[in-house]
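All residue numbers in this chain count up from 1 along the given sequence.
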Amino acid sequence: MTSTLTPQPVERAKPARSGAAPRRRTRVLALPEARWATAATVFFLLALPLQLTGAPAWTWGPLYALSYVTGGWEPGWEGLKALKERTLDVDLLMVVAALGAASIGQVMDGALLIVIFATSGALEALATARTADSVRGLLDLAPATATRLTPDGGEQTVPVEELAVGDTVLVRPGERVGADGRVLDGASDVDQATITGEPLPAAKEPGDEVFAGTLNGTGALRVRVERDASDSVIARIVRMVEEASETKAPTQLFIEKVEQRYSLGMVAATLAVFLVPLALGEQLTDALLRAMTFMIVASPCAVVLATMPPLLSAIANAGRHGVLVKSAVVMERLGQVDAVALDKTGTLTEGSPRVTDVRPLTGSGLDEAALLTLAAAAERPSEHPLARAVVDAARERGLDLPGAEDFTSAPGVGVTAVVNGRGVAVGAPARLLDGTGSTVTAVAGELEESGRTAVLVLVDGVPAGLLGIADRLRPDAAATVAALTTLTGTAPTLLTGDNPAAAAHLAAEAGIDDVRAGLLPQDKLTAVQEMEGAGRKVLVVGDGVNDAPALAAAHTGIAMGRAGSDLALETADAVIVRDELAAVPTTVALSRRARRLVVQNLVIAGVFIAGLVVWDLAGNLPLPLGVAGHEGSTVLVGLNGLRLLRESAWQRAAAEGTG
């Protein structure tokens with residue numbers, strides 16, 4: 001049936017990416033951490049060439065000093081506050097080590113260490129701010145105002161916060177729904193991708209539920225409000241993302257897990273190395289020199305730098321291949337995952353409907369090309385996603401489309417037009433046939449059982465054929481599922497808001513057995529929490545607003561970049577920029593290779609530190625030789641980690657992912 005409401009002319013929503021909210025991005029230099037890190041880096045870069053070209057110390061010394069102050073005061077202050085609470089963190093230790101390096105003439109090395117730590121802190125602050133920006137921006141998906149209908153038939157434009165349960169609102173064509181509710185009157189197609197992730201707009205008629213923030217199509221709807229604005233699905237998504245982000249277990253690099261014991265032990269040992277010989281009569285200068293040498297050779301700088309190069313090299317290599325990994329912590333955690341949960345639309349699939357079947361009916365006198373030509377010609381004036389899919393299919397086959405006359409569109413039903421003098425109707429079989437036609441019903445049922453959306457084509461009022469439309473599986477989806485199964489030892493789970501029939505068919509094509517369909521965002525979050533509660537370290541791969549809570553709660557989250565919503569891109573720990581699903585298992589395998597190199601480097605660094613410490617305690621290790629040994633071990637493990645920069649490292653990771 002057609003809508004009984006009179007559509008009002010309104011400004012149509014921009015055809016932007018589904019689910020995209022207006023951007024609210026914190027500027028980088030608005031963060032104090034970024035400003036201090038920038039200042040420290042600038043002073044360092046000004047001082048370094050002066051020192052290397054042999055300029056007098058008075059020209060570059062003050063610049064290095066400014067680099068120490070601007071980059072080191074904040075972590076140093078935080079470290080002192082932690083010390084007041086009887087904890088010793090690695091940031092304070094790094095500042096002390098940098099000052100120690102400066103005290104023995106290694107001013108440039110200490111400044112470089114300060115710059116590295118300041119930059120790391122700034123990047124972490126920026127990532128946190130950008131995530132908060134996207135969570136706040138999600139609220140912009142819901143309109144600020146709604147049209148409330150009064151009992152006497154009038155209209156009021158009111159803020160959505162003033163809507164109460166039981167109110168009736170008018171949603172005109174092209175508007176976003178202002179509140180969660182149920183349709184009282186009218187028919188339309190509503191794009192619900194922001195909530196359910198469904199690839200196609202859902203037909204809505206009286207009795208159907210609609211959600212705030214979803215985009216209405218060409219029909220007008222009267223909707224009875226059933227939830228307050230603070231309790232809408234979109235508002236609950238915001239709360240779930242915030243809560244999941246706050247309760248997610250703190251992430252640390254491997255070396256940071258033992259920093260307290262190591263730091264306390266090193267400080268205590270340094271004091272002992274200084275005080276014990278002094279108490280036994282050694283000269284103050286000699287005792288101080290021995291203690292300073294001990295602090296340098298036992299410093300965790302080498303261990304920290306032994307950890308970072310493999311992870312940073314892996315991040316750089318992944319970046320060259322279209323994968324943005326947001327931090328070294330994320331790169332390390334990717335290699336720990338032992339379970340994977342995948343979204344369907346836009347992740348396993350291409351995210352846009354395509355014609356998969358063209359079925360002329362016996363006796364219609366039409367072949368596939370003729371049937372598709374008539375359907376596409378009739379659909380060409382329509383803006384509906386299914387219509388665009390039909391027109392695209394005709395163009396891909398090189399078909400010439402004749403003009404259409406007397407075009408009309410009925411929301412929730414379909415379109416009609418006159419093509420070459422013949423009346424053509426294209427739409428839902430159940431609506432066009434009014435429940436009659438056993439042959440059509442059988443073919444439509446066959447298409448729908450295989451996960452397709454069935455579209456009927458009538459020519460001069462007689463069924464001529466059906467089209468099957470579906471969101472197509474990515475070409476690399478099945479191989480990716482197999483690779484992830486090989487890496488984790490368990491087949492991935494499919495989490496989708498789409499209908500069970502479409503989900504089951506696509507999962508079978510991709511090689512997935514565990515299918516959970518018809519899920520709202522909170523259901524996806526619950527599924528991930530259940531897997532985490534069972535002791536699994538879950539990798540979630542998704543792209544939409546409805547995936548954001550699960551991405552935030554998972555051990556690690558990866559977002560698909562091409563069609564990913566802003567919230568998903570900011571919430572996820574990594575982003576597949578080039579939208580190549582096969583990059584997911586390759587990145588996981590690369591992370592595992594990086595973790596193995598970290599272990600190798602820690603062994604190398606540990607051997608050097610132990611050897612130099614024993615030499616300093618049992619013998620008389622010259623300070624320059626101690627510094628050389630310390631720096632040499634750092635260079636060695638650094639070069640070892642840089643092996644992951646090579647193209648062959650990515651290729652070997654890809655091969656490892658495929659078994």
Side-chain angles (χ1 to χ4, degrees), residues 1-7 173 185-189 200-206 208 217-220 353-395 397 399-450 452-470:
M1 69 177 181
T2 59
S3 172
T4 59
L5 303 177
T6 303
D185 190 18
S188 187
D189 295 311
L200 302 175
K204 298 294 181 180
E205 58 185 19
D208 290 337
T218 56
R354 293 178 178 271
V355 174
T356 57
D357 300 83
V358 181
R359 303 275 189 92
L361 295 177
T362 303
S364 66
L366 301 175
D367 58 13
E368 290 188 8
L371 177 65
L372 186 57
T373 297
L374 289 174
E379 291 275 29
R380 184 160 53 171
S382 175
E383 296 180 356
H384 195 283
L386 290 182
R388 291 196 294 269
V390 174
V391 174
D392 289 344
R395 287 173 175 167
R397 297 191 183 198
L399 302 178
D400 293 326
L401 302 183
E405 301 174 348
D406 299 330
F407 172 83
T408 60
S409 175
V413 179
V415 303
T416 60
V418 176
V419 180
N420 289 338
R422 309 179 72 178
V424 179
V426 184
R431 303 292 178 86
L432 293 180
L433 289 180
D434 294 326
T436 62
S438 57
T439 302
V440 172
T441 302
V443 176
E446 179 185 341
L447 290 172
E448 290 170 355
E449 286 178 4
S450 63
R452 272 70 168 162
T453 296
V455 176
L456 175 64
V457 181
L458 298 180
V459 178
D460 294 329
V462 179
L466 290 102
L467 308 177
I469 300 178

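- How far CG of L374 is from CG of L399: 10.5 Å, rounded to the nearest 0.5 Å.
- The two residues A203 and D189 have their closest heavy-atom pair at CA-OD1, 3.4 Å.
- In this structure, CZ on R452 lies 5.0 Å from CG on D357, to the nearest 0.5 angstrom.
- Side-chain atoms of V358 and R397, non-hydrogen and from C-beta on, do get closer than 4.5 Å to each other.
- Scanning both residues, A376 and A394, for their nearest heavy atoms gives CB-CB, 3.6 Å.
- When all heavy atoms of P353 and I469 are compared, the pair lying nearest together is CB-CG2, 3.7 Å.
- Between R422 atom CZ and D460 atom CG the span is 5.5 Å, to the nearest 0.5 Å.
- For D406 (side chain) and A417 (main-chain N/O), no donor-acceptor pair under 3.5 Å exists by modelled atom type.
- The distance from the CG atom of L467 to the CD atom of E368 is 10.0 Å, given to the nearest 0.5 Å.
- For the pair E379/V415, a side-chain contact is recorded, criterion being any heavy-atom separation below 4.5 Å from C-beta on.
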- Run the numbers on V390 and V426 for side-chain contact (heavy atoms from CB on, under 4.5 Å), then give the verdict. CA-CA 10 Å; V390 174; V426 184; 5.6 Å; no
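- A369 approaches T373 most closely through the heavy-atom pair O-OG1, 2.7 Å.
- V440 is listed as a side-chain neighbour of L456, based on a closest heavy-atom distance under 4.5 Å.
- Nearest heavy atom pair, residue G465 against residue L371, reads CA-CD2, 3.8 Å.
- No more than 12 heavy atoms of other residues, nucleotides or ligands shown are found within 6.0 angstrom of CG on D400.
- The two residues D367 and A370 make their nearest non-hydrogen contact at OD1-N, 2.8 Å.
- Between P360 and V457 the shortest side-chain heavy-atom distance does not fall below 4.5 Å.
- Side-chain contact between T439 and P463 is absent, with no heavy-atom pair separated by less than 4.5 Å.
- Checking side-chain atoms of R380 against main-chain N and O of P402 turns up a donor-acceptor pair under 3.5 Å.
- Between the CG atom in L401 and the CZ atom in R395 there is a gap of 6.5 Å [rounded to 0.5 Å].
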